[in-house]
2 protein chains.
Amino acid sequence: MNYPEGVSPQDFNSALEAFRRIVGDDKLFTEEGDVALYRDAYSPKWGEPEELVASAAVAPTTVEQVQAIVKAANRFKVPLYAISTGKNLGYGGSAPNMTGSVIVDLKLMNKVLEVDDKRNFCIVEPGVSYFDLYTYIQERGLNVMMDVPDPGWGSPLGNALDHGVGYTWGNYRDHFGSHCGMEVVLPNGELLRTGMAAVPGAETWGENKYGFGAYVDGLFAQSNFGIVTKMGFWMMPQPEHFLSCMVKVPKYRDLIPLIDTVNYLEDQGLIGHPRYSCPMDALCMMWEPEVYKPTPELMKLNNQPGGASVAEYEDYAARQGLEYWNVTLNFYGPKKTVYANWEYAQDKFAGIKGVKFEELESYGLPMNKATAEKLRHKVAVGIPNMSIFSIGARSEAVPDPGDGHAWFAPILPRSGEAFIKGHEVFCQAAKQLNLTGAPIAPTNVPQTWQYRTYIYLFPFFISRSNKEVNKQAYEQFIQLVKIGADQGWTEYRTAPLFQDLVASTYSFNDNALLRFQNQLKDAVDPNGIIAPGRGGIWPKRYREGV
Amino acid sequence: MNYPEGVSPQDFNSALEAFRRIVGDDKLFTEEGDVALYRDAYSPKWGEPEELVASAAVAPTTVEQVQAIVKAANRFKVPLYAISTGKNLGYGGSAPNMTGSVIVDLKLMNKVLEVDDKRNFCIVEPGVSYFDLYTYIQERGLNVMMDVPDPGWGSPLGNALDHGVGYTWGNYRDHFGSHCGMEVVLPNGELLRTGMAAVPGAETWGENKYGFGAYVDGLFAQSNFGIVTKMGFWMMPQPEHFLSCMVKVPKYRDLIPLIDTVNYLEDQGLIGHPRYSCPMDALCMMWEPEVYKPTPELMKLNNQPGGASVAEYEDYAARQGLEYWNVTLNFYGPKKTVYANWEYAQDKFAGIKGVKFEELESYGLPMNKATAEKLRHKVAVGIPNMSIFSIGARSEAVPDPGDGHAWFAPILPRSGEAFIKGHEVFCQAAKQLNLTGAPIAPTNVPQTWQYRTYIYLFPFFISRSNKEVNKQAYEQFIQLVKIGADQGWTEYRTAPLFQDLVASTYSFNDNALLRFQNQLKDAVDPNGIIAPGRGGIWPKRYREGV
């Protein structure tokens with residue numbers, strides 16, 4: 001048993017007994033085999049003493065049970081770590097920030113409370129998965145489109161609370177940004193509702209975010225100020241047509257005008273998620289092995305730390321008849337509108353020498369199952385799926401994709417110039433660190449899930465059997481975070497192992513932001529029982545050993 | 001001199017001396033005539049002992065001065081009340097929540113720090129007005145469109161911090177929702193930056209909202225957790241065409257399908273701000289006196305408490321050849337797209353019997369000044385102006401528009417059914433209260449400035465000379481807030497005089513939200529010096545008389 005720091009075995013066992021009385025014997029998990037299910041399968045510390053592991057898990061079925069659990073945890077000062085469906089792979093999975101925490105597993109609280117397809121919102125519990133919500137919508141023939149991440153077994157609520165992202169239109173992709181109203185169990189066990197949910201009899205929970213006065217919702221995401229038990233989301237009504245097209249440009253520096261024009265189109269709402277690819281990029285080859293194929297020559301270019309030079313990639317692309325960059329533009333709306341937008345877009349890109357255009361997919365919505373099966377990216381029309389898990393094994397682009405990965409995900413300015421500088425910095429770093437375990441090259445593409453923000457994303461591959469691989473990945477990850485932060489580029493999201501490090505890069509004025517967050521934390525959670533360490537925020541008790 | 005409660009004259013004067021040393025003699029205002037400029041010109045308590053008035057004002061020119069002022073205020077426990085340009089008319093103007101507060105007037109901090117028209121954001125100081133920002137953009141020929149409220153002398157930063165709203169496309173209208181990153185002087189005088197602004201060297205202040213960990217920005221709006229000194233905003237790139245069209249429907253209950261279709265169009269991003277009007281509505285006649293004209297017969301219908309019956313208005317409209325409702329749809333984008341969208345919209349509304357369509361305006365952007373002068377609503381293309389102030393005087397629709405007004409602004413569900421219920425409830429209330437001073441009738445239209453939210457808005461007219469009028473308005477306002485709240489409809493924004501009342505309507509679980517906000521407030525502002533009472537949040541010192 002991994003007792004949490006600062007909690008005596010007696011107190012811990014008393015807490016477990018209290019939890020057992022609250023949820024019943026069958027919903028408290030203390031057996032090693034059961035608790036192991038909450039380990040982070042992708043942890044770079046897998047099997048090491050530093051691996052962050054839970055002590056037990058408790059699975060409430062009602063809000064009242066969550067409240068009672070929190071109150072009992074306060075009595076015995078036992079740290080809790082709440083998960084929704086617990087599928088946050090690559091960012092920590094279900095495992096806590098602090099070893100010995102008791103997992104509060106909310107997946108049994110799985111009711112879709114409301115979906116309104118005239119006012120276009122939904123209200124869900126934490127255990128509702130994207131599959132659940134999709135099924136609910138399909139069964140009732142509701143005219144709304146979900147925004148889903150890869151893969152579909154996650155929870156809309158849980159994903160939003162880790163600032164997760166999706167694939168459709170505008171700010172629907174920003175899952176926290178499209179949330180509207182919460183119910184939260186506070187660290188003292190009290191029940192809070194925010195926005196219009198705080199108004200008895202209001203029917204506007206899913207419509208108005210702010211309500212009145214200080215807007216507190218942001219405190220409950222990537223953080224530890226409470227356990228969210230219900231959450232509303234704005235939804236997009238289902239458009240009538242989906243058109244997916246590709247713009248291809250031949251040269252490396254074409255990225256600059258390409259991005260400028262994509263920004264212009266997207267910020268006007270003419271396109272949805274712009275998906276950049278480079279046919280020579282290892283990650284693109286992993287994600288779309290049917291489309292982007294490695295050759296022995298390309299593998300040789302890629303399999304050196306930091307990849308090959310821009311000139312070599314440009315030369316390779318020219319000889320293979322490949323573009324250097326492409327971007328898939330997804331249009332949603334009436335059929336005439338989406339074609340007018342595509343025509344307009346082509347006109348705007350026409351100034352890039354050698355640009356090529358291709359219509360990829362054009363479908364009326366809703367589409368039938370057979371059509372949906374043919375889609376290049378089901379997520380682009382809000383269909384949850386698990387196809388992301390088939391890619392690693394099939395790809396030849398990466399010599400050893402490992403057994404899992406940790407995502408390196410710093411935020412860069414949304415311009416070609418900035419991204420080119422990103423290539424320079426990270427490729428040089430890869431060479432200096434002799435970094436072969438992560439695909440870094442001047443072929444890396446901007447990731448655009450977040451509305452109006454770029455992520456320079458690549459995975460560090462993790463092994464379940466080779467501790468040396470993991471040790472190296474862990475250390476290199478830390479180096480890369482620091483190298484990025486020196487440029488002002490730092491992570492929007494990371495696994496618990498790296499959260500203190502990442503939080504420390506938001507360092508303006510001697511870490512004023514973190515100190516302010518800690519001050520708030522101490523006020524609302526004096527016993528420090530809710531997810532100590534989440535988002536870099538530690539309660540006084542663990543911060544100062546009180 | 002109106003000393004603040006709980007502050008001795010000695011301490012108060014010491015604080016003023018400290019402020020004087022910080023900003024210089026010419027930027028501290030203590031003369032009655034100077035301080036009177038910060039009175040709320042629209043206060044229903046004008047000239048009464050309960051009028052909320054400042055004691056003095058101080059006008060810093062730098063962030064360091066703001067920090068020094070806050071530190072001095074802590075030493076002497078003097079409450080401060082920060083304003084940007086101070087133009088929040090109808091919602092309290094420049095006057096504080098607590099009599100005796102010292103105004104921190106930020107209008108001298110008026111630098112536009114950055115406008116990027118490739119990545120589409122701006123960063124501004126509090127004293128920058130919409131006019132200032134517009135001029136900056138025009139002088140440099142930058143290709144971005146602002147979202148502006150009526151009138152244009154307000155501050156983008158200040159407006160966003162009161163959850164203010166505008167007139168263009170999608171969530172750009174939600175000024176707080178489109179903000180991105182802040183700099184804040186905390187109640188202890190420390191400087192905080194949020195989001196990417198917290199990362200030294202980051203160039204993404206205006207691009208990524210959340211940064212990492214707990215997102216604290218919401219605490220600084222409609223509230224009192226700090227003084228915001230810089231703020232970023234996402235901007236819309238200027239589209240190439242603006243098309244404004246009108247849909248007219250003949251019958252009262254046509255509001256239901258009208259709204260359903262507008263929601264469908266807007267939530268897909270096909271239209272910008274949908275502006276509902278009723279040709280017989282007093283507020284619509286005030287706002288557009290050139291378009292909607294009163295007749296003696298109509299005035300007779302309107303000038304009874306709660307207005308006339310639906311049948312009488314339907315009969316009047318039919319005889320006059322008027323529609324009952326109309327909605328102006330504004331389309332932004334490439335010319336072909338906006339016309340495709342308008343064609344599509346007409347098709348979607350075609351099922352409403354007797355529907356009529358009209359193209360109002362169609363202009364390429366940017367437009368020249370002569371064209372801009374002809375525009376029906378300059379705000380629809382982001383041109384700040386002051387024309388809103390010309391309306392009251394010219395309108396014959398309201399017997400006595402008074403010298404000012406307090407806006408009644410509860411949030412209703414975004415459906416025709418809900419709005420019709422709103423008519424029933426408020427018209428009945430107007431009859432019961434014999435309420436003649438505010439235009440309430442089944443002709444009131446949904447206000448749609450907030451993205452995805454309706455406001456049932458009407459003004460209570462205020463007099464500068466007749467205290468009886470004000471007394472009645474004040475009491476009726478309170479009654480109306482309570483009547484709305486009984487239905488779950490309550491304000492998104494209100495003047496300081498009514499903020500405690502409105503906050504109390506967000507009452508779920510014994511006002512858990514307000515108690516949580518107070519708990520946070522006490523942690524970060526133990527001396528209770530920042531805007532006591534703002535958003536209903538009082539520091540412990542004034543809450544409990546400590």
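Below, chains carry the letters A, B, ... as their sequence lines are ordered, and counting in each starts from 1. All values reported here derive from a predicted model rather than from experimental measurement.
No other option in A:Tyr172, A:Tyr454, A:Phe121 has as many heavy-atom pairs under 4.5 Å with chain B as A:Tyr172. When each of B:Thr261, B:Val524, B:Thr490 is checked for heavy-atom pairs under 4.5 Å with chain A, B:Val524 comes out on top. Contacts with chain A were tallied for B:Trp234, B:Trp169, B:Phe225; B:Trp234 has the most, counting heavy-atom pairs under 4.5 Å. Listed options B:Val184, B:Thr204, B:Asp116 were ranked by heavy-atom pairs under 4.5 angstrom with chain A; first place goes to B:Thr204. When the candidates B:Asn263, B:Leu270, B:Thr453, B:Thr337 are compared by the number of heavy-atom contacts under 4.5 Å with chain A, B:Thr337 comes out ahead. Top candidate by heavy-atom pairs under 4.5 Å with chain A, chosen from B:Gly211, B:Ala485, B:Gly177, is B:Gly211. Counting heavy-atom pairs under 4.5 Å between each of A:Asn341, A:Val338, A:Ile537 and chain B puts A:Asn341 at the top. For the options B:Ala202, B:Cys180, B:Gly195, B:Pro237, heavy-atom pairs under 4.5 Å to chain A are most numerous at B:Pro237. Residue with the most contacts toward chain B among A:Asn188, A:Val216, A:Thr494: A:Val216 (heavy-atom pairs, distance under 4.5 Å). Across A:Arg493, A:Arg193, A:Lys335, the residue that shares the most heavy-atom pairs under 4.5 angstrom with chain B is A:Arg193. Of the listed residues (A:Ala340, A:Ser507, A:Pro334, A:Gly201), the greatest number of heavy-atom pairs within a distance under 4.5 Å of chain B belongs to A:Pro334. With respect to chain B, the highest number of heavy-atom pairs below 4.5 Å among A:Gly269, A:Gly535, A:Ser223, A:Gly213 belongs to A:Gly213.
Using a 4.5 Å cut-off between heavy atoms, B:Phe220 touches chain A through its side chain atoms alone. With a threshold of 4.5 angstrom between heavy atoms, B:Ala418 does not approach chain A through any atom at all. For A:Asp174, the part lying near chain B is the side chain, with the backbone staying farther off; criterion is any non-hydrogen pair under 4.5 Å. Of the atoms belonging to B:Gln238, it is backbone heavy atoms, and not side-chain ones, that fall under 4.5 Å from chain A. Only the side chain of B:Asn143 comes within contact range of chain A, judged by heavy atoms closer than 4.5 Å. With a 4.5 Å cut-off on non-hydrogen atoms, B:Tyr344 touches chain A through its side chain but not through its backbone.
Taking all atoms of both residues into account, the shortest heavy-atom contact from B:Ala503 to B:Gly536 is CB-CA, 4.0 Å. Closest heavy-atom contact between B:Met145 and B:Pro239: SD-CD, 4.0 Å. The nearest pair of heavy atoms linking A:Gln222 to A:Tyr492 is NE2-O, 2.7 Å. Contact detail for A:Pro413 and B:Arg119: the closest heavy-atom pair is CB-NH1, 3.1 Å. Across every non-hydrogen atom of B:Thr194 and B:Leu192, the tightest pair is CG2-CD2, 4.1 Å.
Side-chain atoms of B:Gln450 and A:Asn208 include a donor-acceptor pair closer than 3.5 Å. Under 3.5 Å, the side chains of A:Asp500 and A:Trp538 contain a donor-acceptor pair of N or O atoms. Side chains of B:Asn120 and A:Asp267: a donor on one and an acceptor on the other come within 3.5 Å.
For the pair A:Arg534 and A:Asp162, the salt-bridge criterion is met [side-chain N within less than 4.0 Å of a carboxylate O]. Taking 4.0 Å as the cut-off between side-chain N and carboxylate O, A:Asp217 and A:Lys209 do not count as a salt-bridged pair. The pair B:Glu240-A:Lys348 counts as a salt bridge, with a side-chain nitrogen and a carboxylate oxygen less than 4.0 angstrom apart.
Residues from residues 510-522 of chain B that place a non-hydrogen atom less than 4.5 Å from a non-hydrogen atom of chain A comprise B:Ala512, B:Leu513, B:Arg515, B:Phe516, B:Gln517, B:Gln519, B:Leu520, given in numerical order.
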**Request:** Go through the steps for B:Tyr456 and B:Phe419 under the test ring pair (Phe, Tyr, Trp, His ring centres under 6.0 Å), then give the verdict.
**Result:** CA-CA 8 Å; B:Tyr456 193 122; B:Phe419 217 78; 4.8 Å; yes
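In this structure the side chain of A:Glu266 reaches within 4.5 angstrom of the side chain of A:Tyr451, judged on heavy atoms.
Here A:Phe242 and A:Tyr332 bring their ring centres to under 6.0 angstrom of each other.
Under the rule for a salt bridge (Lys or Arg N to Asp or Glu O under 4.0 Å), the partners of A:Lys336 that lie at least two apart in sequence or sit in another chain are B:Glu343.
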